[in-house]
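Heads up: the structure comes next, in structure tokens.
Letters A, B, ... mirror the listed sequences (proteins, then strands); counts begin at 1. Everything quoted here is computed from the prediction, not taken from an experiment.
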Amino acid sequence: MNAIKTDIGIIGAGPVGLFAVFEAGLLKMRCHVIDALPQVGGQLSEIYPQKPIYDIPGYPEIKAQDLVDRLLEQISPFDPQFTLGERVEIIDKQPDGSFIVTTNENTTVQCKVIVIAGGLGCFEPRKPDIGNLELFEGKGVAYMVKNPELFRDKKIVIAGGGDSALDWTIFLSDVASEVTLVHRGDTFRGAPDSAEKVFSMAETGRIRLILQSNVTTIQGTGHLQQVTIQNRKGESNVIAADHLIPLFGLSPKLGPIANWGLNIDKSAITVNTADFGTNVAGIYAIGDINTYPGKLKLILCGFHEAALMAQSAFKYVYPDEKLTFKYTTVYGVNSF
Amino acid sequence: MATITVEDRNGERKTLTIPANSKQNLMESLKEAGYRILATCGGIALCATCLIEVLQGAEQLPGPTGAELDMLDILPHTASGDRLSCQLWNNQIPDGLTIRLKGDEHS
């Protein structure tokens, strides 16, 4: 457990979350940024790092990752701290008006202001449509491989046809006693090398490869024991399994944000346009995660929202100080 | 311009006119028409919430490529006529197309 204390807790390390550090820093407010992804940059770094963006003021064209790198350089005078690869689960408002933010790894961030710059939301595993799947979560069903040793000498069924399904099939074949890969199609679009390896491992009997099929039901008493696999002709086959790992990619979901008592409309947090505050005093939402009349999901709009947010958040961080608006051209950037 | 039939998640069918616009995709037109489609990713074949099943006229559509094919390939339980409506440009939509909405809807 890691306990952190700061002025502003920023949830989301995408471009808007990063720029919020700058706007807060100009007003002497320190920030700690938390993101579920293992690196900063949000969807820019995760999804389209090499894609050019054409509507950043001052840059006729800039690659997404380059923009993230520039933002990191821009905010470095304000010494932002990061917790990456952890998802914020709980927000607790304290009697004094401050907050304690807790992640899934039990890191806590105590802060006076929360800024949600969550973009598309959290990337969560896509779950297949198997009736009692959730009943077996943690009891044989896992959507990611955190500790491969858990699967040592066990019978594993992997479902999916993407790169991660191929990679884990290959990796776990050395760990598990039996690996079965079930794929809906009959070809793989993933890395050709991995696909070739999986086919040759199936030929030599190191793994079992079941194509044109889906896992339809799962059974067990207390823990997963068997899965039923159905092919396109409707023929079913039951095989023994200690673990089922469905790997169908990640889908952006609002996730725990929906449980924080904030007003939500169409999977976005409603804010007022005066300061991008939510219905909870001290919690702001900026960037793609918020909505208001006329909202445009543009990075540059998120930057604007960050600037107004910081001016408003000042009163929570320095309740006894009067804020006077200052230009960087006059006062420069005073690092911490 | 194409007139298509849209079956919502309750099985109700309605016709919808799609202008032959190469700058707009089918997901956007469905949203404009009031269908509740999350479209979290905004149209970059990432979230699959705009998934549709083409019931009639699939052969008249250009086949999926690149990002759409990658996504369709990893989705669980897709049917052979499944497409991401964000990857279908409106000027490619044939008259008489019949689709069924399949993706997650927003509240």
Side-chain angles (χ1 to χ4, degrees), chain A residues 43-44 46-48 51 64 118-130 133 143 159-166 182-191 195 212-216 230 232 246-255 258 264-268 288-289 291 296-298, chain B residues 8-11 23-25 27-54 58 62-87 100-107:
Chain A
Q43 51 173 307
L44 276 68
E46 178 71 10
I47 301 161
Y48 47 85
K51 240 182 161 174
L120 299 175
C122 303
F123 284 80
E124 293 188 0
R126 202 174 271 118
K127 295 180 185 181
D129 191 14
I130 299 172
L133 188 71
Y143 304 100
D163 273 327
S164 58
L166 292 170
V182 183
H183 177 37
R184 176 173 44 81
D186 50 13
T187 55
F188 293 97
R189 282 182 53 76
Q212 300 192 351
S213 301
N214 281 314
V215 174
T216 50
Q230 194 177 61
R232 279 187 192 166
L247 296 171
F248 294 106
L250 301 173
S251 170
K253 290 263 164 69
L254 202 53
I264 307 272
D265 178 35
K266 293 178 186 167
S267 294
D288 285 1
I289 197 81
T291 186
L296 286 178
K297 287 188 182 185
L298 289 176
Chain B
D8 68 16
R9 294 167 185 92
N10 300 319
K23 303 277 185 202
Q24 190 163 350
N25 63 50
M27 173 274 283
E28 291 166 329
S29 293
L30 290 167
K31 281 187 74 157
E32 253 176 36
Y35 288 102
R36 295 195 306 216
I37 296 176
L38 260 175
T40 316
C41 75
I44 53 175
L46 174 76
C47 67
T49 55
C50 69
L51 187 71
I52 58 166
E53 183 178 353
V54 180
T65 55
E68 185 185 4
L69 209 50
D70 288 343
M71 177 53 70
L72 290 172
D73 202 40
I74 60 162
L75 288 178
H77 305 298
T78 44
S80 62
D82 282 5
R83 299 296 300 264
L84 298 181
S85 55
C86 73
Q87 301 298 305
R100 174 188 287 154
L101 304 185
K102 283 183 82 172
D104 297 345
E105 60 182 324
H106 59 71
S107 50

dist B:Thr78:OG1 -> A:Asn214:CG (nearest 0.5 Å) comes out at 8.0 Å
Okay, A:Arg184 and chain B: the region with an atom under 4.5 Å from a heavy atom over there is side chain
Side chain from CB out, backbone as N, CA, C, O: work out which of these in A:Leu250 comes under 4.5 Å of a heavy atom of chain B, or both, or neither. backbone
What's the separation between atom CG in B:Asp73 and atom OG1 in A:Thr187, rounded to the nearest 0.5 Å? 6.0 Å
Less than 4.5 Å to any heavy atom of chain A: does that hold for the side chain of B:Thr49, its backbone, both, or neither? neither
Roughly how far apart are A:Arg126 CZ and B:Ile74 CD1, rounded to 0.5 Å? 5.0 Å
Using side-chain contact (heavy atoms from CB on, under 4.5 Å), reason through B:Leu38 and A:Lys266 one step at a time and then give a plain yes or no. CA-CA 7 Å; B:Leu38 260 175; A:Lys266 293 178 186 167; over 6 Å; no
In terms of heavy-atom pairs under 4.5 Å with chain B, which of A:Pro128, A:Gly185, A:Ser251, A:Gly162 leads? A:Pro128
Chain B contact via A:Lys127 - side chain, backbone, both or neither, heavy atoms under 4.5 Å: backbone
Nearest 0.5 Å, what's the CD1-CG distance between B:Ile44 and A:Leu120? 7.0 Å
Indicate the atoms forming the closest heavy-atom contact of A:Arg189 with B:Asp70, along with that distance. NH2-OD1, 2.5 Å
